[in-house]
Amino acid sequence: MKAFLIDKYGGPAEVHAAEMPDPQVGADDVLVKIHAAGVNPLDLRIRNGDFKAFLPYRLPLVLGNDLAGEVLQVGSSVTRFAVGDEVYARPDKDRIGTFAERLAVHQDDLAPKPAALTMTEAASLPLVALTAWQALAERARVRPGQKVLIHAGAGGLGSIAVQLAKALGAYVATTASAATADLVKEFGADEVIDYRTQDFETLLDGYDLVLDSLGGENLAKSLRVLKPGGMAISVAGPPDAAFARDLDLNPFLRLAMTALSFKTRRQAERLGVTYSFLFMKASGDQLRELTPLVDTGKIRPVVDTVFPFDDTLHAMEYVEKGRAKAGKVVVAMA
């Protein structure tokens, strides 16, 4: 099968197309013929080797973290799926590789594709929808009437997180450009801050939750718009000790994670708020929980651009250079 992979960590030049053996299908695996795959900033960070200290992938490594497709084969212990089913997934972090024609996915990480969505639309959802769900519904347990700030509301994660926060009953503020302000209001944002001309820190106060996807000074300022007892969840900030425990890392790496997040945690403690790093987990069950929200139109996928599978390198470049105006970039099979 054809796939896009790296033989070593590095920049864009390290990604290339190659013929790879068909995946081995274990007892609990489902072999999926991939129709479309989402492109995420995470793919670029994995390519660069940003996570090699605690995600030791075996090289060569096929990239890609989102898929939608059709079941070709099921393992002997698979009970939830049959040949011909239309499915979507974010494979487990140890079994990525959706920039390929086929992939074996554990049945627990897979879910039926929402009937209302095309394959392209479905492929744009799993990683960002699971991230939004695990941040807002699982970790923060957002309740009606709470105030939530979501950064980059027109982006891949932000566009879904805004919609989910509204579905959970929150008052939602978001940062966006003036060009996408109307779009994020369509997603349900109650308040839109133009990040180019306005400073959200001076305009917002008393928030229960901030979902940060930018890190750095943006995260530091986000802590200051929270009310006492509030929480900042970041997918771009420094990893913390809880993340190290979840990955069952060795004591040295746990200590390193604790040190990396020390400044942010100390700032949060002084403000009477909490900081939490999120690295989302694959979950077919959570995708199933999201399906009714998709089917009723409370969450709709936002696709910026679709590239042919053969142009996966250009799709990654498009994401890396920040050319997407709203939502996700997807590669689709012919």
Side-chain angles (χ1 to χ4, degrees), residues 30-40 64-72 74 80-91 98 103 105 107-138 142 150 153-170 172 174 180 182-189 280 282-309 315 324-334:
V30 175
L31 181 63
V32 179
K33 178 183 179 182
I34 298 174
H35 287 215
V39 183
N40 297 280
N65 286 272
D66 277 322
L67 68 81
E70 176 187 349
V71 175
L72 289 178
V74 297
R80 292 181 168 187
F81 301 97
V83 172
D85 287 349
E86 294 187 339
V87 294
Y88 73 149
R90 191 287 198 201
T98 64
L103 184 68
V105 183
Q107 64 173 332
D108 291 347
D109 301 334
L110 205 60
K113 178 183 75 66
L117 301 186
T118 65
M119 288 289 184
T120 298
E121 291 170 331
S124 74
L125 272 181
L127 187 143
V128 292
L130 286 171
T131 302
W133 181 268
Q134 289 166 22
L136 303 176
E138 185 177 56
V142 170
I150 293 165
L157 171 59
S159 60
I160 302 303
V162 168
Q163 295 178 73
L164 177 58
K166 286 305 296 182
L168 294 172
V172 181
T174 189
T180 58
D182 289 341
L183 181 63
V184 294
K185 287 177 182 176
E186 288 180 24
F187 299 155
M280 59 78 56
S283 174
D285 287 341
Q286 289 182 352
L287 286 176
R288 285 180 171 85
E289 290 189 73
L290 285 156
T291 295
L293 296 174
V294 176
D295 286 340
T296 57
K298 291 182 179 178
I299 291 179
R300 60 183 178 91
V302 184
V303 178
D304 180 275
T305 308
V306 180
F307 287 82
F309 176 61
K325 294 180 176 62
K328 290 284 291 291
V329 173
V330 176
V331 295
M333 303 297 180

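Since we're looking at a predicted model, the values are computed, not measured.
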Which pairs with one or both residues in residues 116-131 pass salt bridge (charged side-chain N to carboxylate O under 4.0 Å, His left out), sequence neighbours excluded?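 Passing the test, one end in residues 116-131: no pairs.
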
If you compare all heavy atoms of [X] against all heavy atoms of [Y], which two are closest, and at what distance to 0.1 Å?
| X | Y | value |
| --- | --- | --- |
| Thr120 | Ala332 | OG1-CB, 4.2 Å |
| Lys325 | Ala154 | O-CB, 4.0 Å |
| Gln107 | Phe81 | O-CE1, 3.6 Å |
| Leu183 | Ala326 | CD2-CB, 3.4 Å |
| Ala68 | Ala123 | CB-N, 3.7 Å |
| Ala111 | Leu287 | CB-CB, 3.7 Å |

Kindly indicate whether the side chain of [X], heavy atoms from C-beta on, has any atom under 4.5 Å from the side chain of [Y].
| X | Y | result |
| --- | --- | --- |
| Arg288 | Arg80 | yes |
| Val87 | Val30 | no |
| Val184 | Val162 | no |
| Met119 | Glu86 | yes |

Please report the interatomic distance [atom1]([X]) to [atom2]([Y]), rounded to the nearest 0.5 Å.
| X | Y | atom1 | atom2 | answer |
| --- | --- | --- | --- | --- |
| Thr174 | Phe187 | OG1 | CZ | 9.5 Å |
| Thr131 | Ile160 | OG1 | CD1 | 10.5 Å |
| Lys328 | Thr305 | NZ | OG1 | 12.5 Å |
| Leu130 | Asp109 | CG | CG | 9.5 Å |
| Leu31 | Leu72 | CG | CG | 5.0 Å |

Expected output: side-chain [X] to main-chain [Y] donor-acceptor under 3.5 Å:
| X | Y | answer |
| --- | --- | --- |
| Asp304 | Gly327 | no |
| Gln163 | Arg300 | yes |
| Asp66 | Leu127 | yes |
| Thr98 | Asn65 | yes |

Do other residues, nucleotides or ligands put more than 12 heavy atoms under 6.0 Å from Lys33 NZ?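 Open: at most 12 neighbouring heavy atoms sit under 6.0 Å from NZ of Lys33.
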
So, applying side-chain contact (heavy atoms from CB on, under 4.5 Å) with Tyr88, which one of Leu125, Val105, Leu110 is it?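 Between Tyr88 and the candidates, side-chain contact (heavy atoms from CB on, under 4.5 Å) is satisfied uniquely by Leu125.
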
Using side-chain contact (heavy atoms from CB on, under 4.5 Å), reason through Leu164 and Val142 one step at a time and then give a plain yes or no. CA-CA 10 Å; Leu164 177 58; Val142 170; over 6 Å; no

